[in-house]
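In what follows, every heavy atom counts, from backbone to side chain, and hydrogens, waters and symmetry copies are set aside. Letters A, B, ... mirror the listed sequences (proteins, then strands); counts begin at 1.
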2 protein chains.
Amino acid sequence: MKRQILLYGLIGGILIAALKWTEYRFLVMEHSIEIYGGLVAATFAVLGIWLGIKLTGKQQRVVIKEIPPPAGEPFLPDQRKREDLGITPREMETLELIAQGMSNREIAEKLFVSENTVKTHSSRVFDKLGAKRRTQAVQLGKEFGLLP
Amino acid sequence: MKRQILLYGLIGGILIAALKWTEYRFLVMEHSIEIYGGLVAATFAVLGIWLGIKLTGKQQRVVIKEIPPPAGEPFLPDQRKREDLGITPREMETLELIAQGMSNREIAEKLFVSENTVKTHSSRVFDKLGAKRRTQAVQLGKEFGLLP
DNA sequence: GCCAAAATCACCCAAAAGAATGACGACAAC
DNA sequence: GTTGTCGTCATTCTTTTGGGTGATTTTGGC
């Protein structure tokens, strides 16, 4: 960056010098002052733009780096796998709540059904997953991509 | 963006006009041409830098960097967190096996201890995690970074 | 309307899990 | 040598879970 600023100053100096040098040649020309001003303006404008881009271009890349980390997969319930295993939506729901550490009673309250119903659902889902315990069902559910 | 470019051109035009207008006043001055040139150069340089910054500042440089996190963490058991919670190694071991879906009996066999001992460990670990059920302990264990 | 799948609920019973308490030996720290 | 932690085990009792079976109701498709 320092190099670019120095370079910029240098070019400026050279231009000034060139300006002075050409002064004696083209000053006689009509409207040379306008051409002159335009030339200088254009040159410095280009240089300025270039410098501006350089000035922020590097910084920009650092900021960009933040994008990737939070990404990844938000996890979308594997509908296909669920159907492959013949697990019904209600059973799936039950399984999810089991995975959250809820008891049958709590699940029953949350789903507005009787505890017996929850038992039925869980039993069936265990069967379909090949699990003997709820903890195992959770473990298998994850392996099958049914649970996060 | 278009607005800025137009503005830029406008300012350029105004400067040229001003240049022409002042021409009749300061042309008589000695070295006015250098001052002039420098002034114009400085003005356009500043404008150029500003424009350059504006030009790239808002642009999202979508540099699609490779995503390290997904393939990244092999998961290292959080030793600190475990000790923070006052969970002993043996209790941790028990928790891990619980998370794998094993029953107390299976865990007992695997660890060569009695089932009662496993119960003691699990009870203690539940207590330390604030869990009431093993499924909940697993869930909390994950949240605490104790389990994968 | 009829059928099949899904969802619901009920009972019974056995197994597993969990809470509470007490106890004992090993071992490190002070 | 006392203290504290850890790991071990037992006993008793309550709660939760899970298996098995059957039944009723809803729902969606044909």
Side-chain angles (χ1 to χ4, degrees), chain A residues 77-144 146-147, chain B residues 77-144 146-147:
Chain A
D78 195 337
Q79 210 76 359
R80 296 156 198 164
K81 194 73 189 176
R82 207 209 68 215
E83 287 169 2
D84 280 355
L85 294 168
I87 296 175
T88 72
R90 205 58 164 167
E91 287 164 356
M92 190 63 214
E93 220 171 335
T94 305
L95 177 60
E96 285 166 359
L97 296 179
I98 285 175
Q100 286 171 27
M102 301 178 84
S103 71
N104 287 340
R105 183 160 304 169
E106 289 170 336
I107 295 172
E109 286 173 9
K110 180 147 195 167
L111 298 183
F112 302 105
V113 295
S114 82
E115 197 176 331
N116 286 318
T117 302
V118 175
K119 281 185 163 195
T120 305
H121 286 324
S122 58
S123 279
R124 294 221 170 112
V125 96
F126 293 169
D127 207 49
K128 290 167 183 174
L129 285 172
K132 291 178 180 174
R133 286 166 286 283
R134 36 179 60 211
T135 46
Q136 198 177 8
V138 171
Q139 162 71 9
L140 291 170
K142 295 194 175 199
E143 288 180 5
F144 286 137
L146 298 173
L147 298 171
Chain B
D78 196 337
Q79 209 76 358
R80 296 158 199 166
K81 194 73 189 174
R82 206 209 68 216
E83 287 168 2
D84 280 355
L85 294 168
I87 297 175
T88 71
R90 204 56 164 167
E91 287 164 357
M92 190 63 213
E93 220 171 337
T94 305
L95 177 60
E96 285 166 0
L97 296 179
I98 285 176
Q100 286 172 26
M102 300 177 83
S103 70
N104 287 341
R105 182 160 303 168
E106 289 170 335
I107 295 173
E109 287 172 8
K110 181 148 195 167
L111 297 182
F112 301 106
V113 295
S114 84
E115 196 176 329
N116 284 318
T117 302
V118 174
K119 280 188 168 189
T120 304
H121 286 323
S122 59
S123 278
R124 293 218 172 114
V125 95
F126 293 170
D127 207 49
K128 289 167 183 174
L129 285 173
K132 291 178 180 173
R133 286 165 286 284
R134 38 177 59 213
T135 45
Q136 197 177 9
V138 171
Q139 161 71 10
L140 291 170
K142 295 194 179 197
E143 287 180 5
F144 286 137
L146 298 174
L147 299 171

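Side chains of A:Thr117 and A:Thr120: a donor-acceptor N/O pair is absent below 3.5 angstrom, by distance only.
The interatomic distance linking B:Leu129 (CG) with C:dG18 (C1') rounds to 15 Å, in whole Å. Atom CG of A:Leu85 and atom P of C:dA6 are 13 Å apart (whole Å). Going from atom CZ of B:Arg134 over to atom P of C:dA16 covers 11 Å, rounded to whole Å. For the pair A:Gln136 CD and D:dG18 P, the computed distance is 10 Å after rounding to whole Å. Between the P atom of C:dA7 and the CZ atom of A:Phe112 lies a distance of 17 Å, rounded to the nearest Å. For B:Lys128 and C:dA19, the NZ to P distance is 14 Å, given to the nearest whole Å. Following rounding to the nearest Å, A:Ile107 (CD1) and C:dC9 (P) show an atom-to-atom distance of 14 Å. Atom-to-atom, CD of B:Glu106 to C1' of C:dA15 comes out at 13 Å; the value is rounded to the nearest Å.
Using a cutoff of 4.0 Å between basic side-chain nitrogens and carboxylate oxygens, B:Arg133 and A:Glu106 are scored as salt-bridged.
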Check your understanding: Where do A:Arg80 and A:Glu83 land on the salt bridge (Lys or Arg N to Asp or Glu O under 4.0 Å) test, with the steps shown first?
Key -> CA-CA 5 Å; A:Arg80 296 156 198 164; A:Glu83 287 169 2; over 6 Å; no
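Distances shown here put every side-chain N or O of B:Arg90 at or beyond 4.0 Å from the OP1 or OP2 atom of D:dG7. In this structure, B:Arg133 does not reach the D:dT16 phosphate: none of its side-chain N or O atoms is under 4.0 Å from OP1 or OP2. For B:Thr88 and D:dT5, the shortest distance from a side-chain N or O to OP1 or OP2 is not below 4.0 Å.
Looking at A:Met102 and A:Glu109, their side chains never come closer than 4.5 Å, going by heavy atoms from C-beta outward. At a threshold of 4.5 Å between non-hydrogen side-chain atoms, the residues B:Ile98 and B:Thr135 do not count as touching.
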Identify all side-chain donor-acceptor contacts of residues 136-143 of chain B below 3.5 Å with residues at least two apart in sequence or on another chain.
{"residue": "B:Gln136", "atom": "OE1", "partner": "B:Lys132", "partner atom": "N", "Å": "3.0"}
{"residue": "B:Gln139", "atom": "NE2", "partner": "B:Glu143", "partner atom": "OE2", "Å": "2.6"}

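Proximity of a side-chain donor or acceptor of B:Lys81 to a complementary backbone N or O of B:Phe144 within less than 3.5 Å is not detected.
Less than 4.0 Å separates DNA chain C from at least one heavy atom of each of the following residues of residues 115-127 of chain A: A:Asn116, A:Thr117, A:Thr120, A:His121.
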